[in-house]
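Worksheet: the structure to be examined is printed underneath.
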Amino acid sequence: METEIWQVTEGEAGRRAIARAAEILRRGGLVAFPTETVYGLGGNGLDPQAAARIYAAKGRPSDSPLILHIASREELAPLVQEIPPAAQRLMEAYWPGPLTLIFRKSKVVPYETTGGLDTVAVRFPSHPAAQAMIRAAGLPVAAPSANLSGRPSPTTAQHVAEDMNGRIEMILDGGPVEIGLESTIIDVTGEIPLILRPGAISLEQLRRTAGAGDWDPAILGKPDENLRPKAPGMKYRHYAPQAELTIVTGLPEAVAAKIGALAAEKQREGFRVGILCPEESRERYDAALVKTVGTRAHEETIAHNLYRCLREFDQEKAEFVYSEAFADGPLGEAIMNRLVKAAGYRILPAGGGDEKIP
Ligand code: TXA
Ligand code: MG
């Protein structure tokens, strides 16, 4: 199939693009669209066949549940059995925004959308194009990230096109996304709210808003058979770069020395080597493929560029990539969660005294 790519600009052209997207969604087709976190691959969230098409387009197992995207708080009630008080407070504080909440699902939500679960994930994105599209379609829009299974989430329409061209009806191009990492997922069905996936909304924000909250135990360590992740998406192999990615931790000088030595060794052996570092330490490296992911002074720049840098290393056919760790501020948890998975938990202490693994 031919994938239509439309710009979502202000004014008449943008309105036509939104109307076209809504028409495709209502007919059971798939539309990739920008959100403030990453691009989503949208389909009618109440249509089992649309869910099946989403899984097929992504090449994703069909027991991986999808997030339903809505465009007003009122659209939540019909989708869920109850709205717990903690959820109410979280919605008031952070919706619309990068927060997904897990509720007990109502009958209108098909099991095909929830991967067979009795719960449903719901998010109210803040991106104006996402809101306009959902409102025009008049449906909750089921949407995973718009990447092929096993690739980093797309943060530009160009990334979506790389993965989805010919597989979906339409891509709405709203330019680069703002945050660059997927939403925080919080399960509000239990005693206290649990974070199933870290994102831009932090544990501190959860606790301040809901009075209590914690990490789901399954996201803290390496996945193993005993700790079944509550977000079933997490049990699948996540994005793994074509290169062998290693995170080096420790004091800045020790980290730079270690990465420099490892990179030089692999280069001598004839491999293509990449280095991922913040602006603060760019000067310390002189290997062929050094990428500056952002600045430690503003972690949101690191979140914003991380997936793009990882895609670029793949494109440039890096065989070994060494990365510094990023775990200082509140966003650090979310950044490191994605980076550690991409590294397949390969973390190397550099020595120098600070061996804390982030
Ligand atoms: O920022 C985001 O959340 C992006 C944008 C497009 O909204 N979407 C996204 O979707 O990241 P996806 O499918 O790539 O990740 C959804 C995650 C998966 O790990 C899935 O297992 C989890 O949400 N999830 C969905 N429904 C769930 C449920 N009922 N219970 C537990 N986890 C659920
Ligand atoms: Mg995803």
Side-chain angles (χ1 to χ4, degrees), residues 30-43 45 51 54-55 57-71 79-81 94-106 109-127 129-131 133-134 140-155 159-160 163 172 174 177-190 193-201 216 218-219 223 228-239 303 307 334 337-338 341-342:
L30 304 185
V31 178
F33 63 100
T35 81
E36 67 278 23
T37 58
V38 299
Y39 272 76
L41 173 54
I54 290 174
Y55 296 125
K58 276 186 70 86
R60 172 194 259 198
S62 61
D63 66 341
S64 189
L66 305 173
I67 297 173
L68 289 185
H69 295 67
I70 57 177
L79 305 175
V80 303
Q81 286 187 19
Y94 302 115
W95 274 11
L99 172 67
T100 296
L101 296 172
I102 310 282
F103 299 91
R104 284 181 224 291
K105 81 171 194 71
S106 73
V109 180
Y111 281 109
E112 284 80 358
T113 298
T114 69
L117 297 175
D118 290 316
T119 53
V120 61
V122 186
R123 178 158 114 75
F124 176 2
S126 63
H127 196 293
Q131 291 185 1
M133 183 195 79
I134 298 163
V141 173
S145 50
N147 52 286
L148 282 177
S149 193
R151 302 216 63 207
S153 296
T155 56
H159 295 165
V160 177
D163 286 12
L172 279 177
V177 302
E178 180 196 335
I179 297 172
L181 296 178
E182 304 86 342
S183 60
T184 304
I185 302 181
I186 300 181
D187 182 349
V188 290
T189 64
L194 292 178
I195 299 186
L196 306 190
R197 179 176 71 182
I201 306 297
D216 179 68
I219 64 167
R228 206 171 63 82
K230 286 217 199 64
M234 294 190 187
K235 80 174 179 256
Y236 295 108
R237 206 177 75 117
H238 260 258
Y239 163 66
Y307 286 144
N337 172 268
R338 310 315 194 270
K341 279 186 185 156

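No hydrogens, no waters, no symmetry mates; every other heavy atom, side chains included, goes into these values. All ligand and atom numbering here is 1-based and tracks the order in the structure. Computed from a prediction, not measured in an experiment: that's the story for all the values here.
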For this session: Go through the steps for Leu79 and Ile70 under the test side-chain contact (heavy atoms from CB on, under 4.5 Å), then give the verdict.
Result: CA-CA 10 Å; Leu79 305 175; Ile70 57 177; 3.9 Å; yes
Exercise. What do the steps show when you test Glu36 against Arg123 for salt bridge (charged side-chain N to carboxylate O under 4.0 Å, His left out), and what is the final call?
Worked result: CA-CA 12 Å; Glu36 67 278 23; Arg123 178 158 114 75; 2.9 Å; yes
For this session: Check step by step if side-chain contact (heavy atoms from CB on, under 4.5 Å) holds for His159 and Ser153.
Result: CA-CA 8 Å; His159 295 165; Ser153 296; over 6 Å; no
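In this structure, Lys58 and Ser145 approach most closely via the heavy-atom pair NZ-O, 2.6 Å.
Exactly one residue among Ile102, Val109, Leu68 makes a side-chain contact (heavy atoms from CB on, under 4.5 Å) with Thr114. That residue is Val109.
Within ligand 1, counting atoms from 1 as listed, the ones closer than 4.0 Å to a heavy atom of His69 are 5 (C), 6 (C), 7 (O). Ligand 1 places these atoms under 4.0 Å from at least one heavy atom of Leu117: 28 (C), 29 (N), 30 (N). Taking a cut-off of under 4.0 Å to the non-hydrogen atoms of Pro65, the atoms of ligand 1 that pass are 20 (C), 21 (O), 24 (N), 25 (C), 26 (N), 27 (C), 33 (C). Taking a cut-off of under 4.0 Å to the non-hydrogen atoms of Leu196, the atoms of ligand 1 that pass are 31 (C). Interface atoms of ligand 1 facing Gly40, defined by a heavy-atom separation under 4.0 Å, are 6 (C). The contact set between ligand 1 and Thr119, taken as ligand atoms under 4.0 Å from a residue heavy atom, comprises 28 (C), 29 (N), 30 (N). Of all atoms in ligand 1, numbered sequentially from 1 with element shown, those under 4.0 Å from a heavy atom of Ser183 are 1 (O), 2 (C), 3 (O). The contact set between ligand 1 and Ile67, taken as ligand atoms under 4.0 Å from a residue heavy atom, comprises 3 (O), 8 (N), 9 (C), 10 (O), 16 (C).
Contacts between Thr114 and ligand 1 below 4.0 angstrom, taking non-hydrogen atoms only, are absent altogether. When non-hydrogen atoms are compared, ligand 1 lies under 4.0 Å from the side chain of Ile185 (C-beta onward) but not from its backbone. Residue contacts with ligand 1, taken as heavy atom pairs separated by less than 4.0 Å, involve Arg123 solely via side-chain atoms from C-beta onward.
For a threshold of 3.5 Å applied to N or O pairs, the pair formed by Lys58 and ligand 1 contains no separation below that value. In terms of N/O distances under 3.5 Å, ligand 1 is approached by Arg60. Between Arg197 and ligand 1, at least one N/O pair is under 3.5 Å apart. Between Glu182 and ligand 1, not a single N/O pair is under 3.5 Å apart.
Between the side chain of Tyr55 and the main chain of Ser64, a donor-acceptor pair closer than 3.5 Å is present. A donor-acceptor contact shorter than 3.5 Å links the side chain of Thr184 to the backbone of Gly199.
Side-chain contact between Glu182 and Arg338 is present, with heavy atoms from C-beta onward closer than 4.5 Å. Within the 4.5 Å cutoff, side-chain heavy atoms of Ile54 are placed close to those of Pro144. The side-chain heavy atoms of Tyr39 and Leu172, taken from C-beta on, include no pair separated by under 4.5 Å.
Contact annotation: Asn147 places no N, O or S atom under 2.8 Å from the Mg ion (ligand 2).
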